[in-house]
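What follows is a short report on a single structure.
Whatever order the structure lists them in is the order used to number ligands and atoms, beginning at 1.
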Amino acid sequence: MSGDYQSIRAERRNQPMGPNHGYYLAGRPPEDPELTHVGPGTPCGEYWRRFWFPVELTEQVTELPRRLRILGEDLVIFRTREGEYGLLHLHCSHRNASLEFGIVEADGLRCCYHGWKYAPDGTVLETPGEPENSPIRHRICHGAYPVIEYKGLLFAYMGPPDTRPPFPVYDTFNWPGHDLVPYRISYPCNWLQVAENTMDPIHTVYLHTRVSNVQFEPTWGVTPLIRFHNAERSLYSTLTYRWGDNIWVRTQETVFPSFSGVGAFWEDAAREKVFFRSSITKWTVPLDDTNCMIIAWRHFGPGIDPDGRGKRDEVGLESVDFEGQTEQRTYLQRQLTPGDYEAQISQGLISSHAAENLGVTDQGIVMLRRRLREGIREVGEGILPPRPAPEDTDIPLYIQDTVYTIPLLDGEDDDALKTAVTDAVMEVVIGGDALRGEARRTFIEDGLRALKSDPRFAPDRAPYPAVAEK
Ligand code: FES
Ligand SMILES: [Fe+2]
């Protein structure tokens, strides 16, 4: 369908009134449903239902049940008085009253209308208005999903029970010196355009620095050398900046379908460092086709924020401590210094890919969509996405920041030098894949520190010549 639209549009460019006349270009082509629609039974919805992902902040689930909408399903989440979490289909199996108005009891949730009671696993425990010994409760199946509480977030698995993967615990969830604070922000738009942000690193130069003044650090206004790479379960990018005599290598990663980590947004590349990890660990989770949320941890503590730049008391429900992430500013402020929130929701309720014109800086977006489409089609064919080993509770991520002082030599090509430094950094980081915990951390930190005295980057090295364009 989008192909038709593009050819009609191309034809109209030749009209005598001129190619830009709005009449010939009016209307928006439709979205790509294969990548954006997530309801039950849709290809992308089935794909999403093969992963664990967070659905709510633990602190939001109190003695009152809480209504949620996730992957186009209306749900209720609650915590029994005995401390067990339940995630159920919202409408009571008796006569459809919403369980958000129910009463939490010791072992379940009781519907407000006629008192039926549900266990966290969906078992109907009581049907008090029915005759004693009525068999009706044994005939009823009420939808329920498994829930795991982890570090202030409640994770759900909404797929078939027999394809349930192990709960994934990545290395940055337990990094020394990091203290995780959960937060959640609602976005009134499709999940994909929010999730794509991490694979669109060039926007940081413009949106966050040159257009909206300096929202983070002046370093972000330097155009980095950007490269994208495929890994088995993820895509990662390396962004390499020249800042005075320093070279800053940042690695960002997006693990499918939408989990990502980002280094410190206050990074000023002023001091040498090796293997600093995430300041944000986030999931972009679809609520339905036109709403999503970022549900995440901000990382505080000396291991990521030695100068105490973060503001912990600004992190929580619909709030985070860096600019341009929510709707909470005035419209004028949002117009004058727009941030990620404005850029992403303004792409439309569901951004139309057919209306885009992607350039060379959009390679990460192209790769992300291609991998996502492959994953969605594979699930349609019964092939499961890569999953962690059950005993693996420290899955390696590549997200990191490393800064070295390596002045540019006379006659040297800086892009060639930055490429060599980046390759050397990533060789060390990837070289630790088979290790876990302290062993991996020590291996990588020692390897990266050793690069500081590596002859390839010493002041007496032969200058790196420009690499000829192929
Ligand atoms: S509708 Fe819930 S008990 Fe009747
Ligand atoms: Fe951004």
Taking the six-membered ring for Trp, is the centroid-to-centroid distance between [X] and [Y] below 6.0 Å?
{"X": "Phe155", "Y": "Phe53", "value": "no"}
{"X": "Tyr187", "Y": "Tyr341", "value": "yes"}
{"X": "Phe51", "Y": "Trp283", "value": "no"}
{"X": "Tyr170", "Y": "Phe259", "value": "yes"}

Determine whether Phe265 and Arg309 make a side-chain contact, defined as any pair of heavy atoms from C-beta on separated by less than 4.5 Å.
->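 No - every pair of side-chain heavy atoms lies 4.5 Å or more apart.
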May I ask you to test the Tyr206-Ile202 pair for a side-chain heavy-atom distance under 4.5 Å?
->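 Yes, at least one pair of side-chain atoms sits under 4.5 Å.
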Residues two or more places apart in sequence or in another chain: which of them pass ring-ring contact (aromatic ring centres under 6.0 Å, His included) with Phe228?
->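 Result, ring-ring contact (aromatic ring centres under 6.0 Å, His included) vs Phe228: none returned.
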Please say whether the positively charged group of Arg277, taken as NZ for Lys or CZ for Arg, lies over the ring of Phe275, i.e. under 6.0 angstrom from the six-membered ring centre and within 45 degrees of the axis.
->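 Geometry flag: set, cation within 6.0 Å and 45°.
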At a cut-off of 2.8 Å, list the protein N/O/S atoms near the Fe ion (ligand 2), residue plus atom name.
->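 Near the Fe ion (ligand 2), below 2.8 Å, one finds His203 NE2, His208 NE2, Asp340 OD1, Asp340 OD2.
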Mind checking salt bridge (charged side-chain N to carboxylate O under 4.0 Å, His left out) for Glu130 and listing every partner two or more places apart, or none if nothing turns up?
->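 Salt bridge (charged side-chain N to carboxylate O under 4.0 Å, His left out) list for Glu130, sorted by chain: empty.
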2.8 Å shell around atom 2 (Fe) of ligand 1, exclusive bound, protein N/O/S atoms |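 There are 2 of them.
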